[in-house]
Amino acid sequence: MRCPCIEVDLRKIRHNTQTIAERLKRRGIHVTAVTKAVCGHPAIARAMLDGGAAGLAEARLSNVKRLRQAGVTCAITLIRTPMQSQVDDVVQACEASYNTELSVIAALAAAARRQNKVHGIILMVEMGDRREGIMPHDLGDVARRVVDMPGVALKGIGANFACLSGIAPTAAKMRTLSVLANDVEGQCGPFIETVSGGNSANLPWAFGACTTGRINDLRIGEAILLGVDPITGNQIGGMYRDAFTLVAEVIETDAKSVHPSMSNADHTLARIRLVSANLETTRIILAIGHQDTDAAGLSMPPGNTLIGATSDHLVIGTKDAALCVGSEMRFRMNYSALMRAMAAPDIEINRRNDRPASNAHKVHGPGKHLALV
Ligand SMILES: *Cc1c(COP(=O)(O)O)cnc(C)c1O
């Protein structure tokens with residue numbers, strides 16, 4: 001195996017998607033799977049679709065293009081408001097996009113007319129996260145302008161919670177979003193097809209006892225990939241937390257004391273090979289660093305503690321006497337570590353359980369979502 005690498009178990013991705021999709025289906029909500037943390041990795045996206053995601057969502061056009069180039073043909077929605085400079089490619093690659101700016105929507109409409117297409121618009125409403133969104137009192141106005149614009153079609157409204165401000169979605173906020181959907185319909189006519197309630201942070205609300213109202217879509221990334229509730233960090237029942245494993249190689253062992261006061265800043269000590277203060281703990285170095293991942297977001301295997309990291313080195317204190325130069329160490333990652341590792345050019349991505357065990361033919365024939373490549 002080439003190190004460093006990420007092992008991704010696609011069976012676990014399928015299982016996690018299916019678990020959430022089935023639970024949400026009973027609540028009248030479908031799952032739009034978000035691939036941005038895995039940079040639009042096509043095999044992972046397909047595992048999400050195989051697991052029952054209704055479509056895909058991405059924040060970056062470059063990742064959408066990667067999916068399209070790999071032959072993914074399902075609906076892809078851009079969930080970050082498009083850059084004005086990219087509208088032509090957005091219309092070409094995405095069925096719909098989340099929007100907050102009328103000038104961008106007008107540019108999308110013009111691009112769609114040039115391409116003889118109609119681009120779907122979902123208006124993002126600001127409901128407390130204080131990141132993107134139209135203020136609720138302006139929503140009706142903006143919606144009316146979109147409805148009157150040839151080249152675009154108003155497909156829905158959406159909100160986002162717990163990203164910038166960590167404001168968790170409450171039942172009251174979700175009710176407000178439903179009311180807004182009804183208001184927009186009342187003000188400008190067309191049926192609002194999609195009311196997208198938010199991201200993985202909405203799952204406790206969606207699995208709870210409250211009525212779901214008009215909310216019929218959630219955009220889920222982290223919970224599918226890591227099996228956790230992003231607000232509490234707790235495992236979601238029945239989900240795998242270990243679909244991804246980061247593997248890194250030991251390049252130095254037992255070189256220096258773990259004693260923190262023995263600083264090499266003193267020249268007289270610099271060449272002395274120090275004996276560990278705690279005889280059971282040795283210090284090892286792995287060939288991975290800040291440039292590859294978020295070191296603080298790695299779960300240390302039992303008996304190991306993170307001492308620190310630099311751009312290319314990860315220093316760990318270990319009680320595992322079997323570790324030697326050339327050994328591999330395996331880590332679980334949190335969202336921040338995963339997102340950076342998936343984007344790191346030096347990290348190879350190795351797939352496990354690529355095909356569903358049963359129905360492999362049915363699911364992987366040249367079906368709706370897939371093209372043979
Ligand atoms: C990233 C993102 C999501 C998905 O968030 P997760 O916490 O990974 O589920 C959904 N919606 C928007 C607008 C996003 O930017």
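In what follows, residues are counted from 1 in the order of the sequence shown. Computed from a prediction, not measured in an experiment: that's the story for all the values here. Each ligand, and each atom within it, is numbered from 1 in the order the structure gives.
- The pair E348-R2 counts as a salt bridge, with a side-chain nitrogen and a carboxylate oxygen less than 4.0 angstrom apart.
- For H30, there are no ring pair (Phe, Tyr, Trp, His ring centres under 6.0 Å) partners at least two apart in sequence or on another chain.
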Could you list the donor-acceptor pairs under 3.5 angstrom formed by side chains in residues 141-164, with sequence neighbours left out?
{"unit_1": "D141", "atom_1": "OD1", "unit_2": "R144", "atom_2": "NH1", "d": "3.3"}
{"unit_1": "R144", "atom_1": "NH2", "unit_2": "Q187", "atom_2": "OE1", "d": "3.1"}
{"unit_1": "N160", "atom_1": "OD1", "unit_2": "N199", "atom_2": "ND2", "d": "3.2"}
{"unit_1": "N160", "atom_1": "OD1", "unit_2": "R219", "atom_2": "NH2", "d": "3.0"}

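- Sorted by first and then second residue, the salt bridge (Lys or Arg N to Asp or Glu O under 4.0 Å) pairs with a member in residues 93-118 read R68-E95, D88-R114; sequence neighbours excluded.
- No continuous path of hydrophobic side-chain contacts links M124 to I121 [ILVMFWY only; heavy atoms under 4.5 Å].
- Under the 4.5 Å side-chain heavy-atom criterion for Ile, Leu, Val, Met, Phe, Trp and Tyr, W205 and V34 are members of distinct hydrophobic clusters.
- When heavy-atom distances to ligand 1 are checked against 4.0 Å, the residues falling inside are V34, K36, I79, M124, R131, E132, N160, N199, S200, R219, I220, G221, E222, Y335, ordered by chain and number.
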